Amino acid sequence: MVNLFSINSPFASAVNKLVQMIWVGILWFVCSIPLVTVGAATTALYEVLLKMEKNQEGYLGISFLRAFRENIKNATLVWIPLFAAEIVFGVNLFYYAVFGGSSFRVQSVVFAVLLLVVVTLSSYAFPVLARFENTTAGTLRMAAVLAVRNPGWTALILFVQILTIVVCWFFLYFPVLFITGITGYFQAVIFNHIFDKLIAEGKIVETSHAAGQTDQTGEKDKICFEEG
């Protein structure tokens, strides 16, 4: 019988995995403080968690900071317009829904739908950026296509993200130090399932540039792709 507290026991492995999630969540929180770097931090979060779900993460701190540095430009180009759109649509929704009354129900519905679209796009954009090499427009286009093609998974991902926000709101700032790593890992499981299925079906074709390529740290590069 395996000792519950043995270093090789399932319990010890689960605790170690949980600690890793918390550590990645803390790194995400610290790197997101400037606000403008939230996109790069989120991309780094997913890049590490997508690998962690497959036990390919390597040294977490080094992997996270490397991903953060390499994605700072592309992730910011994705993050800024999405964040700006969320602010604009959110403010308009609040205005028409709270102050407009029944006379502005159409406007409220329109901005609610637009806000939902942008939030959904954001939910997919950074995992896509974390896993694949693409242009900014290509990343957003792929995120939109995947969100539409996987409505069930999309609903579950949005539920997890809303739950994360609710927990952080009611428990103030403390949970945000670690909960993004935990809920992010759950989402990484879903995204890996979606991405691997597309690759297996040939809908995303790996190019020769990415096949088997590794960097100086021994970690596999992101996949360059062509939509099949």
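Predicted model only: the values in this text are computed from it and were never measured.
Here the CG atom belonging to L27 is positioned 12.0 Å from the CD1 atom belonging to I22, to the nearest 0.5 angstrom. Atom-to-atom distance recorded for T136:OG1 and L129:CG is 8.0 Å, nearest 0.5 angstrom. Interatomic distance, I194 CD1 to R131 CZ, rounded to the nearest 0.5 Å: 11.5 Å. In this structure, I162 CD1 and I157 CD1 are separated by 12.0 Å, a value rounded to the nearest 0.5 Å. Expressed to the nearest 0.5 Å, how far CG of L50 lies from CD1 of I190 amounts to 11.5 Å. L156 contributes atom CG, which lies 6.5 Å from atom CH2 of W153 (distance to the nearest 0.5 angstrom).
Contact check for V128 versus N134: no side-chain heavy atoms found under the 4.5 Å cut-off. Looking only at side-chain heavy atoms (C-beta outward), I26 and M21 stay at 4.5 Å or farther from each other. Residues T139 and T135 fail the side-chain proximity criterion, which asks for heavy atoms closer than 4.5 Å. Taking the side chain as every heavy atom from C-beta outward, F64 and L45 approach each other to under 4.5 Å. Using a 4.5 Å heavy-atom threshold, the side chains of Y124 and T154 count as touching. Side-chain contact between L146 and F195 is present, with heavy atoms from C-beta onward closer than 4.5 Å. Side chains of F29 and T180 form no contact here, defined as non-hydrogen atoms less than 4.5 Å apart. Using a 4.5 Å heavy-atom cutoff, the side chains of T183 and L163 are not in contact.
Using modelled atom types, one finds no donor on one side chain facing an acceptor on the other under 3.5 Å when comparing N192 with K197.
Applying side chain to side chain contact (heavy atoms under 4.5 Å, CB included) to L114 and the options V118, V110, L116 leaves one that passes, V110.
Connectivity analysis of hydrophobic side chains (ILVMFWY, heavy atoms under 4.5 Å, direct or indirect) links V109 to V113, V117.
Put simply, the side chain of T37 gets close to the backbone of C31: a donor and an acceptor are under 3.5 Å apart. Using modelled atom types, one side-chain atom of W79 and one backbone atom of L35 make a donor-acceptor pair closer than 3.5 Å. A donor-acceptor pair is defined here as one N or O able to donate and one able to accept, closer than 3.5 Å; such a pair exists between the side chain of K17 and the backbone of M52.
When hydrophobic clusters are built by joining Ile, Leu, Val, Met, Phe, Trp and Tyr residues whose side-chain heavy atoms come closer than 4.5 Å, directly or via intermediates, V160 is not grouped with I165. When hydrophobic clusters are built by joining Ile, Leu, Val, Met, Phe, Trp and Tyr residues whose side-chain heavy atoms come closer than 4.5 Å, directly or via intermediates, L77 is not grouped with L140.
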Would you list the atom pairs, donor with acceptor, under 3.5 Å between side chains in residues 86-101 and any protein atom, with sequence neighbours excluded?
{"unit_1": "E86", "atom_1": "OE2", "unit_2": "S122", "atom_2": "OG", "d": "3.0"}
{"unit_1": "N92", "atom_1": "ND2", "unit_2": "V88", "atom_2": "O", "d": "2.7"}

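Applying the side-chain contact (heavy atoms from CB on, under 4.5 Å) test to V148 and every residue at least two apart in sequence or in another chain returns nothing. Every side-chain contact (heavy atoms from CB on, under 4.5 Å) that A40 has, sequence neighbours left out, goes to F68, I72, A75. Remark: K54 pairs with D196 by the salt bridge (charged side-chain N to carboxylate O under 4.0 Å, His left out) rule, at least two apart or across chains. F126 meets the ring pair (Phe, Tyr, Trp, His ring centres under 6.0 Å) test with no other residue; sequence neighbours excluded.
Nearest heavy atoms, Q161 versus Y46: NE2-OH, 3.8 Å. Heavy-atom minimum distance, S123 versus L158: OG-CD2, 3.5 Å. Taking each heavy atom of S32 and V38 in turn, the nearest pair found is O-CG2, 3.7 Å. Shortest non-hydrogen contact noted between L82 and A125 is CD1-CB, 4.2 Å. In plain terms, the two heavy atoms of T43 and A130 that are nearest each other are O-CB, 3.4 Å.
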